[in-house]
J.: 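Below you will find the structure I want to go over with you.
Protein chains get the first letters and strands the later ones, always in sequence-line order, with residue 1 at the start of each.
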Amino acid sequence: MSKKQQKLKARLPRGFVDRSAEDIRATDEMLGKIRKVYERYGFDPVETPAFEYTDCLGKFLPDTDRPNAGVFSVQDDDEQWMSLRYDLTAPLARHVSENINEIQLPYRTYRAGWVFRNEKPGPGRFRQFMQFDADTVGAPGVQADAEMCMMMADTMEALGIPRGQYVIRVNNRKVLDGVMEAIGLGGDENAERRLTVLRAIDKLDKFGIEGVRLLLGEGRKDESGDFTRGAGLGAIQIDMLTKLIDDQNYENDSKSFKDHLDYIFDSHPAVSAAGAEIGDLVKLVQSAGYGIDRIVASPSIVRGLEYYTGMVYEAELLFDVTNEKGEVVQFGSVGGGGRYDGLVKRFTGRDVPATGFSIGVSRLMTALKNLGKLNTVNVVAPVLVTVMDGDTDALGRYQKMVQALRQAGIRAEMYQGNWKKFGNQLKYADRRNCPIAIIQGSDEFEAGEVQIKDLIEGKRLSEEITDNVTWRESRPAQIQVAQNKLIETVKAILASQAEDRRRTAAI
RNA sequence: GCAGACGUAGCUCAGUUGGUUAGAGCGUCGGAUUGUGGCUCCGAAGGUCGGUGGUUCGAAUCCACUCGUCUGUACCA
């Protein structure tokens, strides 16, 4: 076998990414802003592990002892199935259930964490991504849902998304349940069809009214010519559902959501009651000053089909998001949630109603980058103390200088590569975007002085110098000062560089 | 999962009807320059042409399968 073939190929698993320093810093900043909002609302953090027993996640396939293919699962040494969490809600329900006697309800809690889904990755869609959740457990009232909606709105604004550029859409699963009954899709025998109808409605933002109508009827052909079977509803049913989900119908008539429903479904009792609940929520948020520009009833919101039992809500961005190629991309929601009254009961047998939402941190970050709201707080690279002499005495002096800079609060490092090639040290500094290089050879040392080189200014000067000899000998933007002036000189140069950055940023 | 498009150097891409030793630009590394970044010049490394099998005297090129990427779609807690 050749040497070549023995080499292991370094490769990243499909759908996973390495994160850069810039990404990590930007994420940290975002998380900080979100956390601040949640804390202000009186929520406390809690953290659960990445793995859970599969049965606690509720993800065994029906009629088998194997976990759902969509979750990453492994078998423990005692053969129990464990899975990586695919959201933060199911693990929270487990945590609350396990500690139900110690936890003071209503329990108001938040947490950020990585979640994992074993499905096809796409642009902006990964198999590991971060969510930032907040939940109120043990609060049955619509006022808890209202608070969640307001908190989502506040979070959007805390992240720099201006009012009017986002909206929180609210619906109630009971509305959809009632509607199914009203159009004759009640009963167990129609369960499958109801799911198809709900999925079709959920695609309003993707395909528009016409696309949804096709999916409710015969079906729809996609761009590659592949055909998706529809729900096979009749024309009257389709018309009713179309009227239901066409937001313009009631927003423009300034009718209330409930009136809108009563009009279409002839005051069907279940629909009407659920509509009234949404009316209550809207009234609650409006009396707190959150108008229809921020929180709005929206009958096409469906969310997950698994565990939501009442209110569902979703944060949507209203500005165009373009990708790297400059194409406008369908962005969809950046967060959502709802009421899950049955999740804790599965473990405890007790009725513990809960409501909460989740923000897709990675997705939202992509959008913020687009909006230019992602403060890529360019962390200034370290000051580089170069190495002219490699003997232990000299190295000790360089270390001392670096420590002095650090103690003065200046990010600094000593060159750790091959010091014998001095040109490489400055090349390293240049590529790292170091602001300043410190140089002390034996000449300077004996004179009790150091060279301080402003690399940013030097770069600017380089544009005017074309021959290398001049470039090397002129030592652009470099000054020699007494050793004991090192810190104050470095500070002064850094300050003037910062001033320059501010000035150019303002232009 | 289904449908379609595409896989040539680290990156972006040439490569003629199937015909010598598969090229370019950028990047990387070394040198010109042992104590000064950029520019310029010189040089080098880097390829199982995604993989396997087939057709052929001969395959990066044609065929089959397979893997991967992208696009749409399905599913998505």
Side-chain angles (χ1 to χ4, degrees), chain A residues 1-2 4-5 7 9-15 57-59 67-71 83 85-91 93 115-123 125 127 131 195-196 199-200 202-203 206-207 211 215 219-229 302-308 323 325 327 329-330 332 336-338 340 343 358 384 386-390 418-434 436-444 451 453-478:
Chain A
M1 213 191 261
S2 78
K4 189 93 207 173
Q5 282 164 317
K7 251 198 285 181
K9 178 157 190 186
R11 59 210 181 101
L12 195 58
R14 204 157 60 94
L57 295 177
K59 273 301 162 183
N68 185 305
V71 301
S83 299
R85 61 187 177 194
Y86 53 81
D87 71 9
L88 298 176
T89 309
V115 302
F116 304 83
R117 293 187 188 179
N118 191 2
E119 41 186 50
K120 184 184 146 186
R125 261 185 94 121
R127 298 206 288 179
Q131 292 192 330
L195 288 179
T196 310
R199 285 176 189 136
D202 197 34
K203 294 201 166 52
K206 199 167 182 181
F207 299 144
L215 285 172
R220 176 180 178 277
K221 206 182 271 186
D222 74 31
E223 280 167 36
S224 66
D226 198 33
F227 186 75
T228 308
R229 259 186 86 91
V302 177
R303 302 295 305 169
L305 303 170
E306 199 102 335
Y307 53 60
Y308 290 124
N323 62 14
K325 292 173 197 158
E327 302 158 339
V329 86
Q330 278 284 352
Y340 50 98
L343 220 44
S358 178
L384 184 74
T386 59
V387 176
M388 295 291 295
D389 294 304
N418 178 9
W419 63 274
K420 289 181 181 170
K421 296 201 188 286
F422 187 72
N424 283 350
Q425 301 197 34
L426 288 183
K427 202 185 260 184
Y428 168 86
D430 192 42
R431 292 196 185 172
R432 281 208 66 175
N433 280 317
C434 290
I436 290 170
I438 309 295
I439 304 165
Q440 189 187 54
S442 51
D443 295 350
E444 290 86 359
Q451 302 270 2
K453 194 175 182 70
D454 181 338
L455 295 171
I456 311 287
E457 179 63 15
K459 184 172 285 183
R460 191 153 37 217
L461 293 173
S462 79
E463 287 161 19
E464 295 152 22
I465 303 172
T466 49
D467 78 293
N468 190 248
V469 175
T470 311
W471 166 246
R472 286 160 72 103
E473 288 177 357
S474 72
R475 297 187 175 178
Q478 187 169 331

J.: Using the test side-chain contact (heavy atoms from CB on, under 4.5 Å), find all partners of A/Trp471 that sit at least two apart in sequence or belong to another chain.
T.: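 Once residues adjacent in sequence are excluded, the partners of A/Trp471 under the side-chain contact (heavy atoms from CB on, under 4.5 Å) criterion are A/Ser462, A/Ile465, A/Asn468, A/Pro476.
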J.: Using a 4.0 Å heavy-atom cut-off across all strands, classify A/Leu57 as base, sugar-phosphate, or nothing.
T.: nothing
J.: For A/Asp467 and B/rA32, what is the distance between atoms CG and P respectively, to the nearest whole Å?
T.: 18 Å
J.: Between B/rA64 and B/rA77, how many Å separate the two P atoms, rounded to a whole number?
T.: 39 Å
J.: Between B/rG38, B/rU36, B/rA74, which one does the side chain of A/Lys203 approach most closely?
T.: B/rA74
J.: Would you mind classifying the nucleic acid contact of A/Thr466 as base, sugar-phosphate or nothing, using non-hydrogen atoms under 4.0 angstrom?
T.: base
J.: Can you tell me which stems RNA chain B forms, taking runs of 3 or more consecutive Watson-Crick or G-U pairs with both distances under 3.5 Å?
T.: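 If one scans RNA chain B for consecutive Watson-Crick or G-U pairs, the stems found are B:1-7 with B:67-73, B:10-13 with B:23-26, B:28-32 with B:40-44, B:50-54 with B:62-66.
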J.: When all nucleic acid strands are considered with a 4.0 Å heavy-atom cut-off, which category describes A/Val71: base, sugar-phosphate, or nothing?
T.: base
J.: If you measure from the ring centre of A/Tyr86 to the centre of the six-membered ring in the base of B/rA77, is it under 5.5 Å, with the planes under 30° apart?
T.: yes
J.: Determine the interatomic distance between C1' on B/rA14 and the same-named atom on B/rG23; round to the nearest Å.
T.: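 Pairwise C1' distance, B/rA14 against B/rG23, rounds to 7 Å.
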J.: N/O contacts under 3.5 Å, protein versus nucleotides 3-7 of chain B?
T.:
residue: B/rA3; atom: O2'; partner: A/Ser224; partner atom: O; Å: 3.1
residue: B/rA3; atom: N3; partner: A/Ser224; partner atom: OG; Å: 3.3

J.: Taking the side chain of A/Ser442 as heavy atoms from C-beta outward, which of B/rA77, B/rG35, B/rC75 is closest to it?
T.: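 Among the listed nucleotides, the one closest to the side chain of A/Ser442 is B/rG35.
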J.: Look at all strands and tell whether A/Gln478 reaches a base, only sugar-phosphate, or nothing, counting heavy atoms closer than 4.0 Å.
T.: base
J.: Indicate, with a heavy-atom threshold strictly under 4.0 Å, whether A/Gly304 touches base, sugar-phosphate, or nothing.
T.: sugar-phosphate
J.: From CZ of A/Arg199 over to P of B/rA74, roughly how many Å is that when rounded to an integer?
T.: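 Spelled out: CZ on A/Arg199 to P on B/rA74 is 11 Å.
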J.: Under the rule for salt bridge (Lys or Arg N to Asp or Glu O under 4.0 Å), what residues qualify as partners of A/Arg475, not counting sequence neighbours?
T.: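 Residues passing salt bridge (Lys or Arg N to Asp or Glu O under 4.0 Å) with A/Arg475: none at all.
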J.: Which heavy-atom pair separates A/Arg303 from A/Asp202 by the least distance, and what is that distance?
T.: N-OD1, 4.1 Å
J.: Please report the distance, rounded to the nearest Å, between CZ in A/Arg220 and P in B/rG72.
T.: 12 Å
J.: What is the nucleic acid contact for A/Tyr307, judged by heavy atoms within less than 4.0 Å: base, sugar-phosphate only, or nothing?
T.: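 Sugar-phosphate, no base atom in range.
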J.: Which is true for A/Asp443 with a 4.0 Å heavy-atom rule: it touches a base, it touches only sugar-phosphate, or it touches nothing?
T.: base
J.: Ignoring backbone atoms, test whether A/Trp471 places a side-chain nitrogen or oxygen under 4.0 Å from the OP1 or OP2 oxygen of B/rU36.
T.: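 Answer no for this pair, as no side-chain N or O of A/Trp471 is under 4.0 Å from OP1 or OP2.
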J.: Figure out the CD/P separation between A/Gln440 and B/rG35, and round it to whole Å.
T.: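 To the nearest whole Å, that distance equals 17 Å.
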J.: In whole angstrom, give me the gap between the C1' atoms of B/rU16 and B/rA3.
T.: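 The answer is 33 Å between these two C1' atoms.
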J.: Please confirm whether any donor atom in the side chain of A/Asp430 sits under 3.5 Å from an acceptor in the base of B/rG38, or the reverse.
T.: no
J.: Of all residues at least two apart in sequence or in a different chain, which pass the salt bridge (Lys or Arg N to Asp or Glu O under 4.0 Å) check with A/Glu444?
T.: none
J.: Considering residues at least two apart in sequence or located in another chain, which fulfil the side-chain contact (heavy atoms from CB on, under 4.5 Å) criterion with A/Ile439?
T.: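 Partners of A/Ile439 by the side-chain contact (heavy atoms from CB on, under 4.5 Å) criterion, ordered by chain and then number, come out as A/Thr386, A/Met388, A/Phe422, A/Gln451, A/Lys453, A/Gln478.
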J.: When rounded to the nearest Å, what value does the distance between C1' atoms of B/rG47 and B/rU28 take?
T.: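 Here B/rG47 and B/rU28 have their C1' atoms 16 Å from each other.
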J.: Assign a letter to each nucleotide of nucleotides 25-31 of chain B from its 5' end: B, base within under 4.0 Å of a protein heavy atom; S, sugar-phosphate only; -, no contact.
T.: ---SS-S
J.: Please figure out whether A/Gly15 or A/Tyr308 has its closest RNA chain B nucleotide nearer the 5' end.
T.: A/Gly15
J.: Rounded to the nearest 0.5 Å, how far apart are CZ of A/Phe116 and CZ of A/Arg85?
T.: 7.0 Å
J.: Which atom pair, heavy atoms only, marks the closest approach of A/Arg220 to A/Leu215?
T.: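 Of all heavy-atom pairs spanning A/Arg220 and A/Leu215, the closest is CB-CD2, 4.0 Å.
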J.: So, does A/Arg117 use its side chain to make a donor-acceptor pair with the main chain of A/Tyr86 at under 3.5 Å?
T.: yes
J.: Output all residues satisfying salt bridge (Lys or Arg N to Asp or Glu O under 4.0 Å) with A/Asp430, sequence neighbours left out; order by chain, then residue number.
T.: A/Lys459
J.: Where the side chain of A/Ile439 is concerned, which of B/rG35, B/rG37, B/rU73 is the nearest nucleotide?
T.: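 Per side-chain heavy atoms of A/Ile439, the pick is B/rG35.
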J.: Using a distance-only criterion (donor-acceptor N/O pair, under 3.5 Å, no hydrogens), is the base of B/rU36 paired with the side chain of A/Glu473?
T.: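 Donor-acceptor pair under 3.5 Å: no.
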J.: In whole angstrom, give the distance that lies between atom CG of A/Leu195 and atom P of B/rA77.
T.: 11 Å
J.: In chain order, what residues pass the salt bridge (Lys or Arg N to Asp or Glu O under 4.0 Å) check against A/Lys420, with sequence neighbours excluded?
T.: none
J.: Contact class for A/Gly423 (heavy atom, under 4.0 Å): base, sugar-phosphate, or nothing?
T.: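 If one applies the 4.0 Å heavy-atom cut-off, A/Gly423 turns out to touch the sugar-phosphate alone, with no base involved.
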J.: For A/Tyr340, answer base if it contacts any base atom (sugar-phosphate contacts may also be present), sugar-phosphate if it contacts only those atoms, and nothing otherwise; contact means non-hydrogen atoms under 4.0 Å.
T.: nothing
J.: What's the gap between B/rG58 and B/rG19 when it is taken at their P atoms, as a whole Å value?
T.: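 Approximately 15 Å lies between the P atom of B/rG58 and that of B/rG19.
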J.: Would you classify A/Arg125 as touching base, sugar-phosphate or nothing, given that sugar-phosphate means primed atoms plus P, OP1 and OP2, and contacts are heavy atoms under 4.0 Å?
T.: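 Answer is base: heavy atoms of A/Arg125 come under 4.0 Å of a base.
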J.: Measure the spacing between CG of A/Asn433 and CD1 of A/Ile456 and express it to the nearest 0.5 Å.
T.: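 Here the rounded value is 6.5 Å.
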J.: Can A/Ser358 and A/Thr89 be said to form a side chain to side chain contact (heavy atoms under 4.5 Å, CB included), step by step?
T.: CA-CA 9 Å; A/Ser358 178; A/Thr89 309; 5.7 Å; no
J.: Taking only residues two or more places apart in sequence or in another chain, which ones pass side-chain hydrogen bond (donor to acceptor under 3.5 Å, both in side chains) with A/Gln440?
T.: A/Gln483
J.: Between A/Lys221 (NZ) and B/rG72 (P), how many Å, whole number?
T.: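 It is 19 Å, rounded to the nearest whole Å.
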J.: Would you measure the distance from the P atom in B/rU17 across to the matching atom in B/rG54 and give it in whole Å?
T.: 28 Å
J.: Just to be sure I understand the rule, does A/Asp454 reach a base, reach only the sugar-phosphate, or reach nothing, if contact means heavy atoms closer than 4.0 Å?
T.: base
J.: What about A/Glu444: does its side chain form a donor-acceptor pair under 3.5 Å with the base of B/rG35?
T.: yes
J.: Can you tell me the distance, in whole Å, between the CG atom of A/Leu215 and the C1' atom of B/rG72?
T.: 14 Å
J.: Just how far, in rounded Å, is C1' of B/rU34 from CZ of A/Arg472?
T.: 10 Å
J.: For atom P, what is the distance between B/rG25 and B/rC41, given to the nearest Å?
T.: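 Looking at atom P only, B/rG25 and B/rC41 are 12 Å apart.
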J.: Using a heavy-atom cut-off of 4.0 Å across all strands, would you classify A/Asn468 as base, sugar-phosphate, or nothing?
T.: base
J.: Say you pick atom C1' in B/rU8 and the same atom in B/rA24; how far apart are they, in whole Å?
T.: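 After rounding to an integer number of Å, I get 13 Å for this pair.
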J.: For A/Pro121, enumerate each residue passing the side-chain contact (heavy atoms from CB on, under 4.5 Å) test, keeping only those at least two apart in sequence or located in another chain.
T.: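 A/Pro121 satisfies side-chain contact (heavy atoms from CB on, under 4.5 Å) with A/Arg14, A/Arg127 only.
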J.: Go through the structure and list residues passing side-chain contact (heavy atoms from CB on, under 4.5 Å) with A/Lys120, not counting sequence neighbours.
T.: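 Residues passing side-chain contact (heavy atoms from CB on, under 4.5 Å) with A/Lys120: none at all.
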